[in-house]
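Labels below follow one simple rule: chain letters A, B, ... track the order of the sequence lines, proteins then strands, and each chain is numbered from 1.
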Amino acid sequence: MAEVKISVEAKGTAYWVAVDDTDVTLVNGRATVQIAPGVHYITWWMLGKPGDSIKLSATSGNTSLGKIETKITSGQDKGAGVMKIEVK
Amino acid sequence: MKWLPALLVVCASPAFAQNAQPAFAQNAQPEDPIDTPEEAVTQVGGATLDSAFSLLNAIEVNAGEEGSNAAIRVGTEISDGSSFHRLSLTAGAPLDKDTGSAFSALDPFANGVFLEGRYTLTRFTGRRNSHREAYGICEDVARASGVPIGTTGCDEQYILANAPSRIGQFRNLSFIPNRNVVFGGVTGRIGRDQFKFLEATTGAAAEQNRTPWSIGGFVGISFLELRNSFALEYRHQRSFKAGTTAAVCPAPGTGVTVCPVGPVGPPTEREQNVFTGEYRQRIGDSFAFSIRGSYDTAGNISQLDVPFYFIGDGSLGLNAGVRARYVHDPDEDDLNEGWVFGIFVSKSFSLFR
């Protein structure tokens, strides 16, 4: 198992994150989870308004597993996306 | 009938930057020193006080809907499963005391500094976690379009840019259709307000400090697919009202003299129970409005407020708009009585609180 730190910075009403099928409890946008080696998916959801943004990053030790920044698209009040990571 | 002047907004929070960076630069260095305000705005992103992850995000100078004020907010957030909890503490002060006092007969804090604590719960059960299938769509799109999944990750932006015909399929893998968002919270606010007035008997200038406060709560529901929301709010508050403005003159027979003019006598205290119902509706990408009705059972004051927003850019963080407000106040001294029409620039419209 590897210790993976997840960090979220969001400007919106509310947001949620899951690693594979498991919800992650984030305190002030941060959480540390144990993940088995292999390919995993970090899914995010956000409520807000068009243009509200979210940054999400995952690191293991000093290694960045991935990071994204995106926003709720025009005409939407919610957004979602998936980031694929590989844990060594 | 009165016309209000246009109000301008100066946002210390970096509301203007969201569109400046449509994609996340993988090699961006947010730790880079910020040398100029413009650079700070470009780097940090974010707009209003919705989320306080940095000092710049937590500071706001806002003019518009409820007068003009500066505020700083700190908070903590917990996201667990389908609920999102936010606890915040906000300190604020008015920037245009005179203008603010003309805006709301039901706002005891329009003219003074305040400290507010707020807890908000947002609950949403409409998430669907089909991560493999959703990511599979992005991989299909990447193969077909030749555009790699970039810095936005596999999300709606990527699908819309490269395979818009598949956006419905992607959204169905992310959200359960026709699910609603419920939200609620409690607030407490305490303020400090200075009243300057004339002694009724002597005409001498005097001043007193008063401490208005309020406690309350709200609940609401948003029908996301319909892009609207309903909210109910209750607030119990203690407010202070300046005395009636008049000239204090010496008794007749002393010849011509200059009479001081101002509020006469110390402020009067009043307890208010304010019930508010609000409906918010977004119309397409460019318009939104809300209808907000409030009633103070103690003073029989009623207020109807209807702001109509022109959303120039959904992500700009600011809206211009026009508004109509009607206030009925049995107090004959209340200058807010009647219709008020105005234009405003304020924080961007949101369905949620």
For this session: Go through the side-chain N and O atoms of A:Thr25 and B:Asp80 and say whether any donor and acceptor fall under 3.5 Å apart.
Result: no
For this session: With a 4.5 angstrom heavy-atom cut-off, could you sort out which part of B:Ser83 is near chain A: side chain, backbone, both or neither?
Result: backbone
Exercise. Is it the side chain or the backbone of B:Leu160 that comes within 4.5 Å of chain A heavy atoms, both, or neither?
Worked result: side chain
For this session: Would you mind checking which part of B:Phe175 comes under 4.5 Å of any heavy atom in chain A, side chain (CB onward), backbone (N, CA, C, O), both or neither?
Result: side chain
For this session: To the nearest 0.5 angstrom, please state how far the CZ atom of B:Arg227 sits from the CD atom of A:Gln76.
Result: 6.5 Å
Exercise. So which part of A:Val39 gets closer than 4.5 Å to some heavy atom of chain B, the side chain, the backbone, both or neither?
Worked result: neither
Exercise. Okay, side chain of B:Ser79, backbone of A:Tyr15: is any donor-acceptor separation there less than 3.5 Å?
Worked result: yes
Exercise. Only one of B:Asp155, B:Thr151, B:Thr152 forms a side-chain hydrogen bond (donor to acceptor under 3.5 Å, both in side chains) with A:Thr70, so which one is it?
Worked result: B:Asp155
Seminar exercise, completed: Okay, B:Phe170 and chain A: the region with an atom under 4.5 Å from a heavy atom over there is side chain
Exercise. In terms of the angle between their ring planes, are A:Trp16 and B:Phe124 parallel, tilted or perpendicular, with boundaries placed at 30° and 60°?
Worked result: tilted
Exercise. Is the charged tip of A:Lys49 near the ring of B:Phe349: under 6.0 Å from the six-membered ring centre and within 45° of its axis?
Worked result: no
Exercise. Does the side chain of A:Leu47 reach to within under 4.5 Å of the side chain of B:Leu224, using non-hydrogen atoms?
Worked result: yes
Seminar exercise, completed: Honestly, the part of A:Ser74 sitting under 4.5 Å from a heavy atom of chain B is both
Exercise. Contact part of B:Ser222 toward chain A, heavy-atom cut-off under 4.5 Å: side chain, backbone, both or neither?
Worked result: neither
Exercise. What part of B:Glu139 is in contact with chain A, defined as an atom under 4.5 angstrom from a non-hydrogen atom: side chain, backbone, both or neither?
Worked result: side chain
Problem set entry | Salt bridge flag under 4.0 Å for residues B:Arg127 and A:Asp23 | yes
Exercise. Is any NZ, NE, NH1 or NH2 atom of the basic residue among B:Glu156 and A:Lys78 found under 4.0 Å from an Asp or Glu carboxylate oxygen of the other?
Worked result: no
